[in-house]
Colleague: 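This is the structure I want to talk about, given as structure tokens.
In what follows, chains are A, B, ... by sequence order, proteins preceding strands, each numbered from 1. Hydrogens, waters and symmetry mates are skipped; everything else that's a heavy atom, side chains included, is used.
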2 protein chains.
Amino acid sequence: MVLREATRRVGVSPNAAYRHFADRDALLAAVSDAALALLATCIDEIVERIPEGDPDVVARAQLRAVGTEYVSFALDNPGLFHAAFFVASDLESSSAPSKSGRSGRSPLALLTAALDLLVSSGAMPSERRPQAEFLAWSSVHGFALLLIDGPLRALPRDQADVVTQRLIDMVEAGFTCP
Amino acid sequence: MVLREATRRVGVSPNAAYRHFADRDALLAAVSDAALALLATCIDEIVERIPEGDPDVVARAQLRAVGTEYVSFALDNPGLFHAAFFVASDLESSSAPSKSGRSGRSPLALLTAALDLLVSSGAMPSERRPQAEFLAWSSVHGFALLLIDGPLRALPRDQADVVTQRLIDMVEAGFTCP
DNA sequence: TGGATATGTTTACACCGTAAACACTGCCAT
DNA sequence: ATGGCAGTGTTTACGGTGTAAACATATCCA
């Protein structure tokens with residue numbers, strides 16, 4: 001459902017892939033790594049061009065940028081997004097390796113940085129910090145999946161974008177309000 | 001990967017299923033409906049036993065109950081949870097049919113009710129209400145998937161439970177704080 | 001009683017992932 | 001230059017899978 005069709009599209013014999021990967025899952029794991037690296041690069045690019053300034057507003061902008069780009073990437077490349085979370089991806093595998101790609105920052109690392117800044121700027125109480133990256137991640141991850149796979153499949157893109165902003169509003173408020 | 005093995009476990013010929021379902025996907029859709037109904041029943045049971053009282057605290061308790069049971073169900077029945085969101089499930093299909101099961105309330109309907117109560121109790125500003133069910137849903141859905149499939153696979157159950165509560169704290173705060 | 005309906009089986013086919021054996025190319029050490 | 005070797009590709013083959021078609025059986029109602 002993947003391997004043979006992939007070889008066909010590349011115009012090569014079905015078993016050619018076995019010279020490069022142990023089996024189908026190994027190939028998918030490699031694709032997962034590549035997709036993760038690409039996602040990280042996309043997010044990094046947007047975060048990088050946030051102008052410096054008040055740490056509070058920078059932190060909020062970073063949080064928004066990470067979330068927005070995360071679901072944007074999923075909508076633009078649903079196949080790659082799925083592949084990225086196929087398996088493997090054990091927190092470690094998303095941050096540690098990245099031998100081929102540049103940008104040492106994984107998506108998770110970028111999110112963590114934004115949250116750390118949010119705490120150090122005083123906008124987010126430090127009691128709320130533990131595991132916060134997983135909470136924020138869950139929100140955008142779930143939303144992305146509902147959009148590309150799930151019951152929100154039919155939502156038009158522009159509407160999805162505005163709901164994404166509402167989602168990030170909610171997360172930000174949940175972290176930073178009294 | 002499913003059909004033939006299923007027939008084998010039931011002890012029946014591979015094609016017996018074709019007398020009941022058009023194809024593999026139709027069978028999976030039926031399983032999805034059943035899983036959705038079961039999930040709704042589980043959530044309903046917990047919500048139902050929340051004692052009456054101050055609408056504000058009832059609404060918050062309902063929100064917490066729905067979220068907690070949602071991820072609890074996913075952790076307890078990962079297979080069914082996956083099946084539930086296999087395909088089909090078009091918002092409508094989760095609420096409308098339910099011809100066989102009892103409890104007309106779908107998971108989404110229960111969540112919607114909790115949010116409506118949260119608004120009418122004054123705890124949640126009505127400007128925040130639009131699409132709020134999808135925001136809350138995204139959060140628990142994503143978290144459940146990260147836990148059973150994704151990078152949080154390794155998190156022990158008791159820890160997952162406490163992070164779930166933190167997640168709901170975040171969502172509740174995001175909805176109800178100034 | 002007899003036919004329709006529901007359910008199950010057998011046979012057959014194309015496709016998939018994968019193993020094993022074989023063929024070709026380029027490079028390096030002798 | 002030559003031999004071997006690592007890298008890459010192909011061919012053939014096997015078991016598993018979803019599905020179509022034809023056939024069988026049981027159950028129920030006119």
Side-chain angles (χ1 to χ4, degrees), chain A residues 1-39 74 77-90 93-94 96-102 145 148-151 153-154, chain B residues 1-39 74 77-90 92-94 96-102 145 148-151 153:
Chain A
M1 192 230 202
V2 146
L3 211 176
R4 262 179 133 106
E5 176 171 350
T7 62
R8 223 177 298 125
R9 292 203 201 181
V10 175
V12 96
S13 97
N15 285 30
Y18 282 82
R19 293 295 152 187
H20 306 270
F21 305 96
D23 56 10
R24 193 191 94 119
D25 285 11
L27 191 163
L28 285 225
V31 175
S32 166
D33 282 359
L36 241 23
L38 180 59
L39 172 59
N77 321 68
L80 277 182
F81 185 79
H82 273 124
F85 297 97
F86 156 67
V87 143
S89 51
D90 258 314
S93 94
S94 52
S98 92
K99 64 161 188 181
S100 68
R102 34 152 305 299
L145 286 175
I148 61 184
D149 270 352
R153 228 169 319 149
Chain B
M1 192 227 202
V2 147
L3 210 176
R4 261 178 134 104
E5 176 171 350
T7 61
R8 222 177 298 124
R9 292 204 202 180
V10 175
V12 94
S13 97
N15 284 30
Y18 281 82
R19 292 296 152 184
H20 307 269
F21 305 95
D23 56 11
R24 193 191 93 120
D25 285 10
L27 191 162
L28 284 229
V31 174
S32 166
D33 282 359
L36 239 25
L38 180 59
L39 172 59
N77 320 67
L80 276 182
F81 185 79
H82 273 125
F85 297 97
F86 156 68
V87 143
S89 48
D90 258 314
E92 319 318 324
S93 96
S94 53
S98 91
K99 63 162 190 181
S100 68
R102 33 151 307 296
L145 286 176
I148 62 185
D149 268 352
R153 229 169 317 150

Colleague: Please state how far atom CG in A/D25 lies from atom P in C/dT18, giving the value in whole angstrom units.
Modeller: 7 Å
Colleague: Is there a side-chain contact between A/F21 and A/L28, using heavy atoms and a 4.5 Å cut-off?
Modeller: no
Colleague: How about B/I148 and B/R153: do any of their side-chain heavy atoms sit closer than 4.5 Å?
Modeller: no
Colleague: Nearest to the side chain of B/N15, which nucleotide is it out of D/dT10, C/dT18, D/dT19?
Modeller: D/dT19
Colleague: Whole angstrom is fine here: how far is it from CG in A/L3 over to C1' in C/dA19?
Modeller: 13 Å
Colleague: Provide the closest heavy-atom pair for A/Y18 versus A/D23 in the form atom of the first, atom of the second, distance.
Modeller: CE2-CA, 4.1 Å
Colleague: A/E5 has an atom CD; how far is it from atom P of C/dC15, in whole Å?
Modeller: 12 Å
Colleague: With the side chain of A/R24 defined as its heavy atoms from C-beta on, choose the nearest nucleotide among C/dT18, C/dT9, D/dT10.
Modeller: C/dT18
Colleague: Taking N and O atoms by type only, does the side chain of B/R19 place a donor or acceptor under 3.5 Å from a partner on the base of C/dG8?
Modeller: yes
Colleague: Between C/dG17, D/dG9, D/dT19, which nucleotide has the shortest distance from any of its atoms to the side chain of A/V12?
Modeller: D/dG9
Colleague: Please state how far atom CZ in A/F21 lies from atom C1' in D/dG9, giving the value in whole angstrom units.
Modeller: 15 Å
Colleague: Respond yes when some side-chain nitrogen or oxygen of B/R8 is under 4.0 Å from OP1 or OP2 of D/dG16, and no when none is.
Modeller: no
Colleague: Respond yes when some side-chain nitrogen or oxygen of A/H20 is under 4.0 Å from OP1 or OP2 of D/dG7, and no when none is.
Modeller: no
Colleague: Give the rounded distance in Å between these two atoms: OH of A/Y18 and C1' of C/dC22.
Modeller: 18 Å
Colleague: Could you walk me through whether A/H82 and A/L145 satisfy the side-chain contact (heavy atoms from CB on, under 4.5 Å) test, starting with their C-alpha distance in whole Å, then the side-chain angles of each, then the deciding distance to 0.1 Å, before giving a yes or no?
Modeller: CA-CA 9 Å; A/H82 273 124; A/L145 286 175; 4.2 Å; yes
Colleague: Measure from CZ on A/R9 to P on C/dC16 and round the result to the nearest Å.
Modeller: 11 Å
Colleague: With no angle test and no hydrogens, is the base of C/dT18 tied to the side chain of A/R4 by a donor-acceptor pair under 3.5 Å?
Modeller: yes
